Amino acid sequence: MPGVRVKVSFGRSETVGLVLALSDEKERSTAKLKAISAALETRSVIHTTDISLLQWASDYYAHPIGEVIFSALPSLLRQGEPAERRGVEHWRLTCRGARQEPDQLTRAPRQAALLRLLMDHPEGLSASTINERQDNWRPSMRKLAEKEWVVREQRPALLLPAAGARDKAPTLNAEQQAALASLCTGLGHFGVSLLDGVTGSGKTEVYLGLIARVLACGEQALVLVPEIGLTPQLLDRFRRRFPVPMAVLHSGLSDRERLDAWLAARDGEAAIVIGTRSAVFTPLARPGVIILDEEHDASFKQQDGFRYSARDVAVKRAQLENIPVLLGSATPSLETLHNARLGRYSHLRLSERAGNARHPELAVLDVRKQPMNSGLSLALVNAMRRHLDADGQVLLFLNRRGYAPTLLCHDCGWVAKCRRCDAHMTLFAGRKRLRCHHCGSERPADPACPECRGSELRPVGAGTERLEEALQGLFPGIGMVRIDRDTTRRKGAMQALLDSVHDGSARILVGTQMLAKGHHFPEVTLVGMVDVDQGLFSADFRATERMAQLITQVAGRAGRAQRPGQVLIQTHHPDHPLLQRLLREGYAAFAHAALEERRQANLPPFSYLALLRAEAVDGELPLRFLRQARELAEAMQLRGVQLLGPIPAPMERRAGRVRAQLLLQANRRVDLHRLLDPWLQQLETDKLGRKVRWSVDVDPQEMF
Ligand code: ADP
Ligand code: ZN
Ligand code: ZN
């Protein structure tokens, strides 16, 4: 039966496979076929629509079906584990344990730490959460269990409704009501809607209203959010609203947690399924709606291996399941806006902030010729003082982590470069270490210049670490947090930092784009964007779109409650047309102009792209392989596809490999796809192709 897992022997081992279809075809040479040695179950592990979706994705993204299935199935199923829920290991305090005094365990600090952790979470913690908080905790936990202070339990991997009072939905404003009414009439059949609402306009409330309707019909809702949007606050909001179990799927789960959550979704036990990118493939027993929040977000596109866009897969899936899909954003992608304009998507707007909050006021700070202190102009520092004196919180945004972008010798001009990439090393950990953000290689910062032996090594430019250091000097005694990938690596860390923002002990927040999205900081009245110039000039045609989205999203963190917000943008290019249009007329006007530029340049969404990338240690091979690929494509004489290149990648050397690319462009999608399939099959058998690493990216988001 299609959808059943089977065992097939390959060489000396056995492999798990999935039956996709049955065939009567007898012609194929049996020598090439393997016998199925056993079926692992009598009932399909996924539904037929799920199989159709995987097939479609494999064809569309020109990626082998085996790998597509591989990324859609939980790993325990791929390993042949039974498709059964087992529950997840949890630990909680007993009554006796709750009466203990951790401070008295002076001789056993690790047991004391565990006891404190569990006291903070009386409902208990899963083993994987404890793993993230404390290393090697099991021996100490065993000791606590022997004293009967803690117990181990197996619990379903579902998030249950919050105990205590439930939140009531607020009364929706007129725009929210109109959007919700339109969405409700769309239930029960396929359709795509764009909920285009400024930051803080109450989009999430509209999602919640729609989900309530779906649940009332006994159907399930699948909610997809960006990687960093899946916060405890968001989950709490859902738990306090709905008296139903939820399955949460994200990259931090253990294999067992993932399988359990996946099965709960498939069997219909989880009424709401919330997850990041790959959750778009989660099977559902009774699908009712798919909601994708922050649809413009880059994390919905997988950038390696099976390079799919969860947004586009969600739209296809909704079509196959015959249900509606809702795409929400304050800064919709140009692709989605284009579809809305053509009338393919219904366009719902929320133009006002919900409640009493007002739009923030945006202004440019011209920093040309201004004295700067670690990237801060005097005008910005003065504005910060004013807002802090008025008891506001200040958020400074700088999309560059580490201490400084590079280290320079003042005597001879040497700069610290990565040995494996065409890139500078970033200075971080104070000034102690150098790290390449492209390949991850790391070394201690040079004590003296390796070229001239000079000792005048200086950090150039500023990253978030240096900014924080400068702010501590400028605002002594004022609570400060820095939120970037370096300070939030441990699981609980992000939450602890956010807590100090919410309880007011931190007054200044410094951060990268991790701060840009989703967070609600009601007391932030000033947002300073320290440096936006890098995004204004880039070889990538999507760079300005991303920059406009980022500025709008970060600006949206200001003045989300009663207090009015102010946004100051430092730049050396105050007259840049993108900035000017964004400031004077807003994102919609920017998007309108940007779409016009794309039309004139015949770039997506007005044409369709695929990128063939190749890389190898031997620098000659990638270009040679791509030239050959180009000749093959030309020999196929398919019309409507333009071949551009091959050319070296914008960062030619990365992680010790030389990289090149060949771009395919077509005005009609069918022309592109007609070429891809036979062409890639030929490349599979190409001799040169075996010596390079190559991959194809359909609808590429990044051009490197
Ligand atoms: P978005 O998802 O567009 O950023 P949210 O739904 O998170 O917006 O709403 C922003 C804030 O406004 C939240 O604190 C939310 O509780 C509040 N809010 C949303 N809709 C209403 C409403 N109709 N009345 C009062 N407050 C609302
Ligand atoms: Zn030097
Ligand atoms: Zn590198």
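Keep in mind that this is a model prediction, so the values were computed, not measured. Heavy-atom basis, side chains included; hydrogens, waters and symmetry copies ignored.
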Is there a donor-acceptor contact under 3.5 Å from the side chain of [X] to the main chain of [Y]?
X	Y	value
Ser309	Asp312	yes
Gln661	Pro646	no
Thr49	Leu320	no
Glu41	Arg5	yes
Ser52	Thr48	yes
Gln701	Lys301	no
Asp260	Gly87	yes
Lys203	Glu294	no
Thr336	Ser333	no
Asp267	Glu269	no

Heavy-atom side-chain proximity of [X] to [Y] below 4.5 angstrom:
X	Y	value
Leu680	Val696	yes
Val4	Thr42	no
Ile274	Leu249	no
Leu337	Leu194	yes
Leu683	Leu612	yes
Glu219	Leu187	no
His338	Leu334	no
Leu643	Leu663	no

Are side-chain N/O atoms of [X] and [Y] paired as donor and acceptor at under 3.5 Å?
X	Y	answer
Ser126	Glu89	no
Glu14	Ser9	no
Asp699	Tyr60	yes
Arg277	Gln302	yes
Ser75	Asp255	yes

(request) Please step through salt bridge (Lys or Arg N to Asp or Glu O under 4.0 Å) for the pair Glu81 and Arg256, ending with a clear verdict. (result) CA-CA 10 Å; Glu81 286 284 312; Arg256 176 50 67 182; 3.6 Å; yes

(message) For a side chain to side chain contact (heavy atoms under 4.5 Å, CB included) check, start with the C-alpha distance between Arg317 and Leu222, then their side-chain angles and the critical distance, and finish with the verdict.
(response) CA-CA 11 Å; Arg317 177 167 183 185; Leu222 174 61; 3.7 Å; yes

Exceeds 12 heavy-atom contacts within 6.0 angstrom, atom [atom1] of [X]:
X	atom1	result
Phe606	CZ	yes
Arg669	CZ	yes
Arg213	CZ	no
Arg237	CZ	yes
Ile36	CD1	no

(request) Verify ring pair (Phe, Tyr, Trp, His ring centres under 6.0 Å) between Tyr308 and Phe281, making sure each step is shown before the conclusion. (result) CA-CA 11 Å; Tyr308 65 97; Phe281 294 107; 5.3 Å; yes

(message) Glu545 vs Arg598, test: salt bridge (Lys or Arg N to Asp or Glu O under 4.0 Å). Steps then yes/no.
(response) CA-CA 11 Å; Glu545 176 187 356; Arg598 297 266 185 99; 2.9 Å; yes

Quick one: closest heavy-atom pair of [X] and [Y], and the distance?
X	Y	result
Phe300	Pro226	CZ-N, 3.6 Å
Val45	Ala83	CG1-CB, 4.0 Å
Ala629	Trp679	O-NE1, 2.9 Å
His296	Ser329	ND1-OG, 2.8 Å
Leu40	Gly80	CD1-CA, 3.9 Å
Pro2	Ala21	CG-CA, 4.3 Å

(message) Apply side chain to side chain contact (heavy atoms under 4.5 Å, CB included) to residues Val273 and Met246 and explain how you reach the verdict.
(response) CA-CA 6 Å; Val273 180; Met246 290 196 294; over 6 Å; no

(message) For a side chain to side chain contact (heavy atoms under 4.5 Å, CB included) check, start with the C-alpha distance between Leu644 and Leu662, then their side-chain angles and the critical distance, and finish with the verdict.
(response) CA-CA 6 Å; Leu644 304 162; Leu662 174 65; 6.0 Å; no

Nearest 0.5 Å, please: how far is [atom2] in [Y] from [atom1] in [X]?
X	Y	atom1	atom2	value
Leu672	Ser607	CG	OG	9.5 Å
Gln628	Leu632	CD	CG	6.5 Å
Asp50	Gln55	CG	CD	12.5 Å
Ile211	Arg241	CD1	CZ	9.5 Å
Gln513	Arg546	CD	CZ	10.0 Å

(request) Mark yes or no: Lys34 above the aromatic ring of Phe10, with NZ or CZ under 6.0 Å from the six-membered ring centre and no more than 45 degrees from the axis. (result)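 Yes - Lys34 lies over the ring of Phe10, closer than 6.0 Å to its centre and within 45° of its axis.
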
(request) Measure from NZ or CZ of Arg668 to the centre of the six-membered ring of Tyr608 and say whether it is under 6.0 Å with the direction within 45° of the ring axis. (result)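 So Arg668 doesn't make the cation-pi contact.
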
(request) Give the intermediate values and the outcome of salt bridge (Lys or Arg N to Asp or Glu O under 4.0 Å) for residues Glu634 and Arg630. (result) CA-CA 6 Å; Glu634 280 166 346; Arg630 184 185 167 122; 3.0 Å; yes

(request) Assess the pair Tyr207 and Phe238: is the distance between their ring centroids shorter than 6.0 Å? (result)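 Centroid separation for Tyr207 and Phe238: 6.0 Å or greater.
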
(request) Could you check Arg613, Glu615, Arg307, His63 and say which one makes a side chain to side chain donor-acceptor pair (under 3.5 Å) with Ser695? (result)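 Exactly one option meets the side chain to side chain donor-acceptor pair (under 3.5 Å) with Ser695, and it is Arg307.
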
(request) Have a look at Val692 and tell me which of Leu623, Asp686, Leu621, Asp618 forms a side chain to side chain contact (heavy atoms under 4.5 Å, CB included) with it. (result)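 Exactly one candidate clears the test, Leu621.
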
(message) For a side chain to side chain contact (heavy atoms under 4.5 Å, CB included) check, start with the C-alpha distance between Leu73 and Trp262, then their side-chain angles and the critical distance, and finish with the verdict.
(response) CA-CA 9 Å; Leu73 283 190; Trp262 190 90; 3.8 Å; yes

(request) Please report the C-alpha distance between Glu620 and Arg627 in whole Å, then the side-chain angles of each, then the deciding distance to 0.1 Å, and finally whether the salt bridge (Lys or Arg N to Asp or Glu O under 4.0 Å) criterion is met. (result) CA-CA 11 Å; Glu620 296 280 301; Arg627 264 186 229 116; over 6 Å; no

